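Everything on this sheet refers to the single structure shown next.
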Amino acid sequence: MEVRMVLKRKNLKGHICFETPAEADLQSALRRVLTSCRDKYNDYVSVTFQPPYKPRTTGKGSQNHHLNGHIIQICNATNNDYETIKYCVKMIAVEQMGYPFETVCGHVVPKGEKNCNTEECAKLIEASHVLAAQMGIVLKETEND
């Protein structure tokens with residue numbers, strides 16, 4: 001069980017603490033993980049510290065538009081459907097660029113781009129470049145990307 005969230009650090013009487021999130025669903029997820037750690041791991045919790053990245057950008061001229069534009073260009077050049085090419089892009093990002101995924105019954109399930117941050121979306125864009133290059137497709141970088 002894993003939950004990811006950005007928390008604000010606080011110093012309290014010489015201890016490093018973190019404010020709990022305001023969102024009820026995140027509070028519930030955090031509570032479930034901490035309860036599991038208490039019950040199964042004697043209150044030990046694995047923690048990874050990293051800078052918070054902003055969510056991927058959306059709208060005209062955004063990362064999201066850039067990525068989707070590349071996927072559509074690859075679809076048009078190969079006559080494959082959008083979901084197939086998007087999956088191929090994500091798998092390249094997982095295998096070569098450290099894009100996040102989970103494993104379900106032995107199957108790799110890449111993280112959905114809806115919840116990507118700017119760093120993760122950049123990996124998907126780069127993976128779309130790699131896929132296009134592997135297929136001999138020259139992508140057009142336009143103002144709409």
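FYI, the numbering just counts along the sequence from 1. No experiment lies behind these values; they were computed from the predicted model shown.
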Single-linkage hydrophobic cluster [X]~[Y], side-chain heavy atoms < 4.5 angstrom:
X   : Y    : result
I72 : I137 : yes
Y82 : V109 : no
L30 : F49  : yes

Test log, rule salt bridge (Lys or Arg N to Asp or Glu O under 4.0 Å), inputs R56 and E113: CA-CA 8 Å; R56 70 172 169 53; E113 74 276 4; 5.8 Å; no
Donor-acceptor pair, distance only, cut-off 3.5 Å: does the side chain of [X] make one with the backbone of [Y]?
X   : Y    : value
Y99 : K111 : yes
T35 : R31  : yes
E95 : I92  : no

Excluding sequence neighbours, so at least two apart, what forms side-chain hydrogen bond (donor to acceptor under 3.5 Å, both in side chains) with R32?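 S28.
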Tell me the salt bridge (Lys or Arg N to Asp or Glu O under 4.0 Å) pairs involving residues 12-29, sequence neighbours left out?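 Output for this query lists K10-E19.
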Evaluation steps, salt bridge (Lys or Arg N to Asp or Glu O under 4.0 Å), between E83 and K86: CA-CA 5 Å; E83 290 302 318; K86 182 168 71 169; 3.6 Å; yes
Worked check of side chain to side chain donor-acceptor pair (under 3.5 Å) between Q134 and H129: CA-CA 9 Å; Q134 289 173 345; H129 294 168; over 6 Å; no
With a 4.5 Å limit on heavy-atom distance, are the side chains of D39 and Y41 in contact?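 Not touching, per the 4.5 Å side-chain cut-off.
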Do N11 and C17 touch side chain to side chain, with heavy atoms closer than 4.5 Å?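 A side-chain contact is absent here, since even the closest heavy-atom pair is not under 4.5 Å.
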